[in-house]
2 protein chains.
Amino acid sequence: MADPYKIESRDRNVSIGASPLFLREDEIRRGAELLYFGYTRLTASIDEGLAEQGLGRAHHRALYFIARKPDLTVGELLKFLAITKQSLGRVLSELTNRDLIETRPGASDRRQKLLRLTESGAALEAQLFDDLRQGLSNAYTKAGQDSVSGFWRVLEGLIPEEDLPMIAALRKLG
Amino acid sequence: MADPYKIESRDRNVSIGASPLFLREDEIRRGAELLYFGYTRLTASIDEGLAEQGLGRAHHRALYFIARKPDLTVGELLKFLAITKQSLGRVLSELTNRDLIETRPGASDRRQKLLRLTESGAALEAQLFDDLRQGLSNAYTKAGQDSVSGFWRVLEGLIPEEDLPMIAALRKLG
DNA sequence: TATATACGTCAACATGGCTGACCCATATAA
DNA sequence: TTATATGGGTCAGCCATGTTGACGTATATA
């Protein structure tokens, strides 16, 4: 067999090649549940701060990526969010109306719109980021560094290959 | 200082006690991003199978927990989903109309309604579970067993203490 | 000059949350 | 035994956030 890990059966409790442990239903369910509860609890903690401003999660996601990559174009942001331009349009115009973001035309391509946080947008994003930091640094500290690496590795494996370069680009320069 | 890990500052790039690595902004952002993309990509893979049946994520979550804990009461399910009974009511009546779930009164407390999958509900849930299994077992296999343990540990740390017993109960008997 | 691309916008609609008000049946405590 | 609390249901209206489809404008590029 070329690849002993390749999945070739729809059976449950399937044992494949040398690695039966990874494929038992209970371990899959455990991961699914922890991912669900972990993700929802973390976002719930942010929702509170967000609600104070009369904003929702959609706004936060946009603020987050704009903070992360200043001068992001609308097209790039659309790829991160994986929503339609119409949906994003609403979010961006609300953020603009509240003076949380500002735009300017691209230097090399003036059709593009470069997105940036305003000063008050940056302040709000920082405040929301703090909730993220509280939750994640608490979890990191409790789990320990080795666990954090494993956490990252498994999550990376959940993401389709073709999306990884885009995500990796978030961690590079501006 | 009693607890060297305790967070006492809102500064970014803060270094605390003996464990500065865990608290740097980049590591927090990396975790937040991987969690976001990992979670959304995994659920997106399920949405396709769900859309074929004309169902949404809300239906899947209910099916999932009923599959996981047969004879779950409505009240218990409400706690897992953390939504209002009105929202859940819509979902459950749709699932009932499609003959995917069935109910019967509780034995010890006849006010309760015990929820179960029908045969076709179980078949559908199994099919949807397969998408979960594909995604997670692929990620588990790529990452390796040690990473999987770390993945679980960090996620557990993201969940408020008071919610953990409820989640642990999912892995016990019926 | 023709065409493709980046972005915007109007309109209608779906999903899945929410609040508030009110109901019934059954358990439980006074 | 009667009062109250609890588990669950339901109607009505609203909100946030996604979707399609159609169409418009400015700028790049072949």
Side-chain angles (χ1 to χ4, degrees), chain A residues 36 39-41 43-44 46-66 71-98 101-116, chain B residues 36 39-40 43-44 46-48 50-66 71-98 101-116:
Chain A
Y36 167 71
Y39 182 80
T40 59
R41 296 307 190 267
T43 58
I46 297 165
D47 286 345
E48 296 168 26
L50 228 27
E52 288 171 19
Q53 321 286 324
L55 297 174
R57 287 183 193 181
H59 304 97
H60 180 230
R61 288 193 287 263
L63 288 175
Y64 181 94
F65 285 112
I66 297 170
D71 287 336
L72 196 69
T73 69
V74 170
E76 288 172 321
L77 183 52
L78 278 172
K79 277 179 196 154
F80 286 123
L81 298 175
I83 59 176
T84 60
K85 64 175 173 175
Q86 293 92 327
S87 295
L88 180 56
R90 264 197 310 228
V91 171
L92 291 183
S93 70
E94 284 161 8
L95 292 176
T96 302
N97 290 342
R98 287 165 192 258
I101 62 172
E102 60 194 5
T103 69
R104 63 196 169 88
S108 58
D109 183 339
R110 287 183 322 195
R111 291 171 305 177
Q112 294 180 329
K113 249 168 87 173
L114 307 185
L115 302 164
R116 269 189 173 276
Chain B
Y36 167 71
Y39 183 82
T40 59
T43 58
I46 297 166
D47 286 344
E48 297 169 25
L50 227 28
E52 289 171 18
Q53 321 285 324
L55 298 174
R57 285 182 195 181
H59 303 97
H60 181 229
R61 287 194 286 265
L63 288 174
Y64 181 94
F65 286 113
I66 297 170
D71 286 336
L72 197 68
T73 68
V74 170
E76 288 172 321
L77 184 51
L78 278 172
K79 278 180 197 155
F80 286 123
L81 297 176
I83 59 177
T84 60
K85 64 175 174 176
Q86 293 92 327
S87 295
L88 180 57
R90 266 198 306 230
V91 170
L92 291 183
S93 68
E94 283 160 9
L95 292 175
T96 302
N97 290 341
R98 288 163 192 259
I101 62 172
E102 60 193 7
T103 70
R104 64 197 168 87
S108 58
D109 184 340
R110 285 183 324 193
R111 291 172 306 177
Q112 297 180 324
K113 249 168 86 172
L114 308 184
L115 303 163
R116 272 190 170 274

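Throughout, protein chains are lettered first and strands after them, A, B, ... in sequence-line order, and every chain is numbered starting at 1.
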**Nearest non-hydrogen partners of B:A62 and B:L95, listed with the distance** = CB-CD1, 3.9 Å
**Item:** A:Q53 CD - D:dA16 C1' separation (whole Å)
**Value:** 17 Å
**Message:** To the nearest 0.5 Å, what is the distance between CG on A:L55 and CG on A:L50?
**Reply:** 5.5 Å
**Message:** Given 3.5 Å as the limit, does a donor-acceptor pair link the side chain of B:R98 with the main chain of B:Q53, or not?
**Reply:** yes
**Message:** Set out, in order, the CA-CA distance, both residues' side-chain angles and the distance that settles side chain to side chain contact (heavy atoms under 4.5 Å, CB included) for B:T73 and B:L115, then state yes or no.
**Reply:** CA-CA 6 Å; B:T73 68; B:L115 303 163; over 6 Å; no
**Fill in**
Judged by nearest nucleotide, the residue sitting upstream toward the 5' end of DNA chain D, A:G106 or A:E94, is A:E94
**Evaluation steps, side chain to side chain contact (heavy atoms under 4.5 Å, CB included), between A:D71 and A:R116** = CA-CA 5 Å; A:D71 287 336; A:R116 269 189 173 276; 3.0 Å; yes
**Asked** Which pair of non-hydrogen atoms, one from B:R57 and one from B:D47, has the smallest distance, and what is that distance?
**Response** NH2-OD2, 2.6 Å
**Asked** Just the endpoints, please: which first and last nucleotides of DNA chain C, 5' to 3', lie under 4.0 Å from a heavy atom of chain B?
**Response** C:dG16 to C:dA27
**Asked** Closer than 4.0 Å, any side-chain N/O of A:T84 to the OP1 or OP2 of D:dT19?
**Response** yes
Give every pair of a protein N or O atom and an N or O atom of nucleotides 7-10 of chain D that lie under 3.5 Å apart, one pair per line with the distance.
unit_1: D:dG8; atom_1: OP1; unit_2: B:V74; atom_2: N; d: 3.4
unit_1: D:dG8; atom_1: OP1; unit_2: B:K113; atom_2: N; d: 3.3
unit_1: D:dG8; atom_1: OP2; unit_2: B:G75; atom_2: N; d: 2.7
unit_1: D:dG8; atom_1: O6; unit_2: B:K85; atom_2: NZ; d: 3.4
unit_1: D:dG9; atom_1: OP1; unit_2: B:K113; atom_2: NZ; d: 2.1
unit_1: D:dG9; atom_1: N7; unit_2: B:K85; atom_2: NZ; d: 3.1
unit_1: D:dG9; atom_1: O6; unit_2: B:K85; atom_2: NZ; d: 2.4

**Request:** Check the distance between D:dC14's P and B:R90's CZ and give it to me in whole angstrom.
**Result:** 14 Å
**Message:** With a 4.0 Å cutoff (strictly under), does any side-chain N or O of A:H59 reach OP1 or OP2 of D:dT17?
**Reply:** yes
**Request:** Please report, rounded to the nearest Å, how far the C1' atom of D:dG18 is from the CG atom of A:L88.
**Result:** 12 Å
Only pairs under 3.5 Å count here: list side-chain donor-acceptor contacts from residues 79-92 of chain A, not counting sequence neighbours, and write none if there are none.
unit_1: A:T84; atom_1: OG1; unit_2: A:S87; atom_2: N; d: 3.3
unit_1: A:T84; atom_1: OG1; unit_2: A:S87; atom_2: OG; d: 3.2

**Request:** Have a look at A:R57 and say if it touches a base, only the backbone sugar-phosphate, or nothing, with a 4.0 Å heavy-atom cut-off.
**Result:** sugar-phosphate
**Message:** Rounded at 0.5 Å granularity, tell me how far CG in B:L72 sits from OG1 in B:T103.
**Reply:** 12.5 Å
